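Each chain gets a letter, A, B and so on, in the order its sequence line appears, and its residues count up from 1. Computed from a predicted structure; not experimentally measured.
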Amino acid sequence: MQKHEAKRVEIMIETVMLRRLTEALQSADVTGWSVLPVLGGSGRSGTWSREGQISRGTGMVQVVCLIRPEKLEPLLEAVYLVVERHIGVISVSDVKVLRAERF
Amino acid sequence: MQKHEAKRVEIMIETVMLRRLTEALQSADVTGWSVLPVLGGSGRSGTWSREGQISRGTGMVQVVCLIRPEKLEPLLEAVYLVVERHIGVISVSDVKVLRAERF
Amino acid sequence: MQKHEAKRVEIMIETVMLRRLTEALQSADVTGWSVLPVLGGSGRSGTWSREGQISRGTGMVQVVCLIRPEKLEPLLEAVYLVVERHIGVISVSDVKVLRAERF
Amino acid sequence: MLDLAIANLLSPIVLSFVLGMAAALARSDLSVPEAVAKGISIYLLFAIGFKGGASLASHGIDLTLGLSLGAGIILSFVLPLLAFSLLRVLSGMSRIDAAAVAGHYGSISIVTFVAATSVLSDAGVASESYMVAVAAAMEAPAILSALWLISRGSDNAEMNSDLWREILLNGSIVLLLGSFVIGMATGPEGLAKIESFIVSPFQGVLCIFLLDMGLIAGRGLRQANVLDRGAVVFGFVMPLLGASAGLLAALLVGLSTGGTMLLMTLSASASYIAVPAAMRVAVPQANPSIYLTLSLAVTFPFNLVLGLPIYLAVAQMLTGA
Amino acid sequence: MLDLAIANLLSPIVLSFVLGMAAALARSDLSVPEAVAKGISIYLLFAIGFKGGASLASHGIDLTLGLSLGAGIILSFVLPLLAFSLLRVLSGMSRIDAAAVAGHYGSISIVTFVAATSVLSDAGVASESYMVAVAAAMEAPAILSALWLISRGSDNAEMNSDLWREILLNGSIVLLLGSFVIGMATGPEGLAKIESFIVSPFQGVLCIFLLDMGLIAGRGLRQANVLDRGAVVFGFVMPLLGASAGLLAALLVGLSTGGTMLLMTLSASASYIAVPAAMRVAVPQANPSIYLTLSLAVTFPFNLVLGLPIYLAVAQMLTGA
Amino acid sequence: MLDLAIANLLSPIVLSFVLGMAAALARSDLSVPEAVAKGISIYLLFAIGFKGGASLASHGIDLTLGLSLGAGIILSFVLPLLAFSLLRVLSGMSRIDAAAVAGHYGSISIVTFVAATSVLSDAGVASESYMVAVAAAMEAPAILSALWLISRGSDNAEMNSDLWREILLNGSIVLLLGSFVIGMATGPEGLAKIESFIVSPFQGVLCIFLLDMGLIAGRGLRQANVLDRGAVVFGFVMPLLGASAGLLAALLVGLSTGGTMLLMTLSASASYIAVPAAMRVAVPQANPSIYLTLSLAVTFPFNLVLGLPIYLAVAQMLTGA
Ligand SMILES: Nc1ncnc2c1ncn2[C@@H]1O[C@H](COP(=O)(O)O)[C@@H](O)[C@H]1O
Ligand SMILES: Nc1ncnc2c1ncn2[C@@H]1O[C@H](COP(=O)(O)O)[C@@H](O)[C@H]1O
Ligand SMILES: Nc1ncnc2c1ncn2[C@@H]1O[C@H](COP(=O)(O)O)[C@@H](O)[C@H]1O
Ligand code: NA
Ligand code: NA
Ligand code: NA
């Protein structure tokens with residue numbers, strides 16, 4: 001089956017920042033992403049869990065973004081502006097996608 | 001630790017199509033997968049979010065499938081028949097797995 | 001944008017074992033991970049789905065762990081002790097991360 | 001009728017809906033968790049089915065039951081054809097989108113039905129207890145009509161026994177009919193046992209549900225640009241046409257005032273649960289934003305706020321109550 | 001007794017369960033969201049614990065309290081041995097699976113207990129208010145017996161203080177005992193404040209919960225092929241044996257009719273919350289499908305539909321009520 | 001006052017909170033699903049807003065309404081300055097963390113407010129029905145003060161119209177004010193329709209919610225090592241100072257005993273919903289563990305268990321009731 005090179009960008013970000021992140025993605029001409037819930041985790045700012053939350057002020061989501069390789073840099077730059085001062089992590093991997101016309 | 005080559009297939013698909021997809025996986029002799037919830041996203045058919053849903057007719061899930069490399073093509077062919085006319089994306093990446101006897 | 005080599009470890013594990021897993025991660029000096037919910041899946045021990053659950057005794061989660069390459073082996077060894085006798089899968093892939101100082 | 005309309009507008013139920021809609025339009029982050037909304041809808045379906053069944057058990061089966069079921073099924077089959085023709089005239093949307101929308105308007109919205117029963121009980125008007133069964137019977141036939149409309153064109157719709165099972169055994173139908181049967185089997189005694197769960201708090205729970213419906217409808221309205229002007233007009237006109245057809249059928253069958261109003265409501269309302277799911281599977285090329293926005297963000301609010309009091313007033317006039 | 005059985009069969013509670021089971025077997029997509037089911041179970045545990053405590057506060061502590069607790073603990077320890085022997089005779093399942101199953105049958109199902117209290121209250125039969133404490137006490141000992149059975153074989157089970165804490169402080173036990181203590185502390189006055197939350201809607205909420213249990217049991221039944229014929233027989237016979245043992249203990253302790261029926265129910269019922277979780281951690285090599293299917297899809301429905309009226313009838317006969 | 005304190009301690013509400021806290025500290029896995037907790041908080045906000053509005057509709061608008069709103073807004077602006085100074089003296093936390101904490105204490109905790117209304121209704125003390133509007137008005141101004149405190153230092157906070165919209169239209173405020181208006185519009189008649197949903201079960205639902213708050217507070221306490229001793233002292237002293245300021249304002253405005261107690265409670269309580277969300281966006285460099293632990297795990301329990309009866313006793317003394 002015909003496959004095409006692409007990048008998979010995975011961003012863990014605080015839920016309160018999600019709208020700002022997707023706006024940044026749109027501004028970088030990225031139109032495809034998916035948001036997955038995160039139940040808890042651990043990082044430099046300690047351990048947290050969804051169960052221990054009443055506040056909307058915490059909690060994270062995972063944003064997965066499949067893009068053509070040439071769109072990676074603009075995406076990262078746009079995203080970086082949003083997450084810069086915030087907690088969260090960004091990783092990039094090489095993937096192959098079907099139906100390249102979608103990206 | 002002993003690691004083995006494998007492929008990680010990640011499929012975003014509408015929830016209404018999930019049963020049909022897993023049946024296709026089984027028909028391609030794939031017996032291992034996991035389904036993760038998706039909260040929202042954006043693509044060619046616009047932006048959606050779980051919160052704005054009352055209908056079971058929308059909403060997506062992510063299916064992750066770890067397989068031996070040689071099973072990739074049959075899997076993709078089976079999956080493609082299901083998602084062909086539907087929205088959603090499919091990506092493939094190279095991974096290493098422990099406990100290869102499980103795949 | 002400056003990117004750094006890293007490993008992405010993805011572990012599917014029974015919810016009842018999660019606390020034991022994160023303790024093992026900590027013992028291997030891994031301090032960053034995220035836990036995502038899994039709705040259902042299939043494997044050697046059959047098919048399951050969150051909807052069919054009343055027991056806390058079943059159900060799985062996905063743990064995603066981004067680490068520096070040199071931490072991979074200690075991590076896998078620590079994790080392996082926990083999952084050894086249990087159901088679940090572990091996969092490793094190569095990724096690039098921003099903000100390497102965080103890992 | 002103005003009095004009725006104003007009383008309806010000032011009911012906690014309608015105002016909760018309006019609050020949700022306003023909050024969504026103002027882009028507040030107010031939201032009802034999906035699981036809670038689903039839990040409430042289970043409660044509403046169970047309560048309304050059970051009460052219908054228990055009431056049937058005490059009042060006995062009416063001769064009009066069979067006729068009403070038949071009328072409902074015919075309406076569900078026929079209304080999509082009407083809707084489709086109207087859409088082809090009014091709107092520029094594609095043939096396949098028009099057919100998909102038409103399917104929604106032939107089917108029913110159970111929440112509109114629930115709100116109608118609550119308007120009836122506020123107004124002290126009785127209705128046939130088996131109307132919930134009629135509601136259930138009207139869910140699926142419209143889907144068939146829509147698929148027939150589609151297959152007549154060059155497009156093809158995927159339809160098989162699997163999908164039929166999914167449609168006929170979808171959760172809402174099963175729960176509604178199942179609790180109807182339970183209510184029938186346990187009768188007034190059964191009702192007495194769970195009355196303080198399914199009767200007294202009912203209206204309050206409905207408020208929270210309609211708050212959520214308002215939020216969803218409001219978010220939908222923000223995407224209303226998928227609709228051309230003709231489609232929006234359709235969203236207001238079609239319920240009135242549907243209600244007229246329902247009225248006619250009710251008069252022929254000889255339903256009571258309440259029953260007439262409920263059959264009008266069912267005919268006027270558009271599905272946003274069972275039919276969209278079926279359409280996504282069978283006709284993925286149809287744009288879900290169009291049919292969801294129309295039925296949820298245009299027709300549902302219209303029925304809730306203006307339609308229900310109109311249907312009640314007309315039913316009262318024409319059944320001579 | 002036939003009357004009782006029919007009355008039980010026609011209760012909204014049992015019929016809701018049957019509806020769920022039928023929907024699952026027909027592969028309807030009806031489902032209760034996990035969060036809602038968990039919320040309801042919190043409600044049920046809180047309500048039943050609180051009511052028990054408040055009732056204890058008004059009736060005073062009975063001399064039989066200590067004896068009943070002791071009897072419960074002994075039953076929980078001993079029943080797994082009985083279950084294990086029976087399984088080894090009846091079924092071809094592995095030694096370790098048999099031991100795991102045995103642990104479930106020594107422990108208890110709190111939902112079966114709740115359904116039993118509701119049967120009692122329908123029948124107007126009083127019971128000792130501290131029976132919820134007995135229920136809590138019977139959860140864990142059976143796990144110990146199961147692990148002992150396993151460690152006697154060549155297999156080994158992982159058991160440590162960590163796991164003990166998890167078992168003894170599992171959410172259900174803590175909530176049940178905690179609300180029992182709260183009920184005791186606040187007494188009838190406290191109950192009066194929250195009565196319209198935990199008393200009046202109780203049966204109705206239980207219906208929804210049992211609907212969900214029916215769905216789960218029905219889905220479980222579809223996997224019933226993991227069970228051999230002997231295992232299925234065990235699933236019907238063991239509750240009767242357990243109930244007999246509970247009856248004996250109740251007569252020795254001198255419980256009232258209601259208390260006797262409840263102790264029979266506890267002994268007859270099989271865990272599907274605390275014990276499976278412990279087994280997954282301690283004995284991962286045992287197959288969860290076997291013990292979950294047996295306790296959820298075979299024994300739970302049996303107890304709910306047939307067991308409870310039988311236990312009540314027998315308790316009424318033998319305690320001379 | 002001792003009587004009051006003991007009566008408060010023995011209320012189901014406070015004991016449910018204590019149960020949750022104990023369970024969390026003992027590391028039980030007891031937990032309330034997020035969706036359920038959110039559903040309950042929607043219920044509580046809707047109920048309290050609606051009841052306030054309906055009561056306003058029947059009692060008419062009081063002349064003190066405007067004054068009370070003004071007093072609340074001023075308190076919300078000023079209390080952060082007091083809190084900040086106190087923190088700088090008592091604790092070694094960074095300037096920016098201190099400012100963030102200060103913002104929380106100027107704002108309010110709606111759950112503490114709800115618990116206070118329940119204490120009042122138990123004590124049979126009436127209060128101004130518009131106090132829920134005062135509560136809503138006090139949510140946001142404190143955020144402004146906190147950001148001003150931060151921008152005075154070298155650090156900078158991100159603040160724009162977008163964030164303002166988020167704060168002013170956050171779900172809690174919209175729901176509280178919205179249901180207040182609905183209650184006002186539908187009046188006692190509207191209330192009668194949904195009374196058995198929002199009035200009778202209220203205290204019971206609150207128990208479950210406080211059980212969850214206890215679990216969260218208890219889990220927070222296990223992270224209490226982020227707080228230095230001075231910060232902990234602040235967590236107990238600040239509510240008393242806040243309450244005193246609220247008392248003064250209430251006496252000036254001329255509120256009733258109940259109103260005085262509620263304004264004291266609002267001033268004494270610290271936010272853990274709206275303000276943390278705003279701080280995460282505007283001041284990500286401030287440590288959320290510090291402000292969440294202080295307001296949820298220290299001040300909230302203090303207010304619930306000791307504060308409320310103190311505020312009521314003082315209000316009764318000084319308003320001569
Ligand atoms: N190395 C990592 N791998 C996976 N998730 C991480 C990692 N580091 C941080 N996270 C996630 O990001 C959140 C915030 O991380 P931090 O900014 O390091 O406190 C954590 O709670 C995790 O959910
Ligand atoms: N490039 C992408 N990366 C990640 N998820 C995507 C992407 N494109 C689409 N999706 C997901 O698939 C759904 C349907 O996409 P589409 O078929 O393009 O409308 C979207 O709502 C997203 O959840
Ligand atoms: N190949 C696989 N790919 C993705 N997930 C898997 C795979 N195999 C197993 N899983 C997940 O792990 C669970 C237990 O697998 P198993 O131990 O094979 O029964 C399954 O129910 C899936 O959720
Ligand atoms: Na219709
Ligand atoms: Na038992
Ligand atoms: Na305050």
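- Most heavy-atom pairs under 4.5 Å with chain D, from the set E:D122, E:I40, E:L211: that is E:D122.
- Within the 4.5 Å cutoff, the side chain of D:T186 has heavy atoms near those of the E:L15 side chain.
- The shortest non-hydrogen separation linking E:Q203 to D:K193 is CB-O, 3.8 Å.
- You'll find the side chain of E:C207 reaches within 4.5 Å of the side chain of D:I194, heavy atoms only.
- Residues E:I208 and D:F197 have side chains in contact (heavy-atom distance under 4.5 Å, counting atoms from C-beta outward).
- The side-chain heavy atoms of D:E34 and E:P33, taken from C-beta on, include no pair separated by under 4.5 Å.
- At least one donor-acceptor pair under 3.5 Å links the side chain of D:K38 to the backbone N or O of E:S31.
- Within the 4.5 Å cutoff, the side chain of E:V32 has heavy atoms near those of the D:I42 side chain.
- Both the backbone and the side chain of E:S16 come within less than 4.5 Å of a heavy atom of chain D.
- For chain D, no part of E:I13 is nearby; none of its heavy atoms comes within less than 4.5 Å.
- Heavy atoms closer than 4.5 Å to chain D are found nowhere in E:S118, neither backbone nor side chain.
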Q | Audit row: D:N170, E:L30, side-chain contact (heavy atoms from CB on, under 4.5 Å) steps and yes/no | A | CA-CA 7 Å; D:N170 89 62; E:L30 180 61; over 6 Å; no
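- Shown here for D:S196 and E:P201, the closest heavy-atom pair between the two residues is OG-N, 3.9 Å.
- Counting heavy-atom pairs closer than 4.5 Å to chain E, the top-ranked of the candidates D:L168, D:L175, D:I173 is D:L175.
- The minimum heavy-atom distance linking E:S28 with D:L169 is given by the pair OG-O, 2.6 Å.
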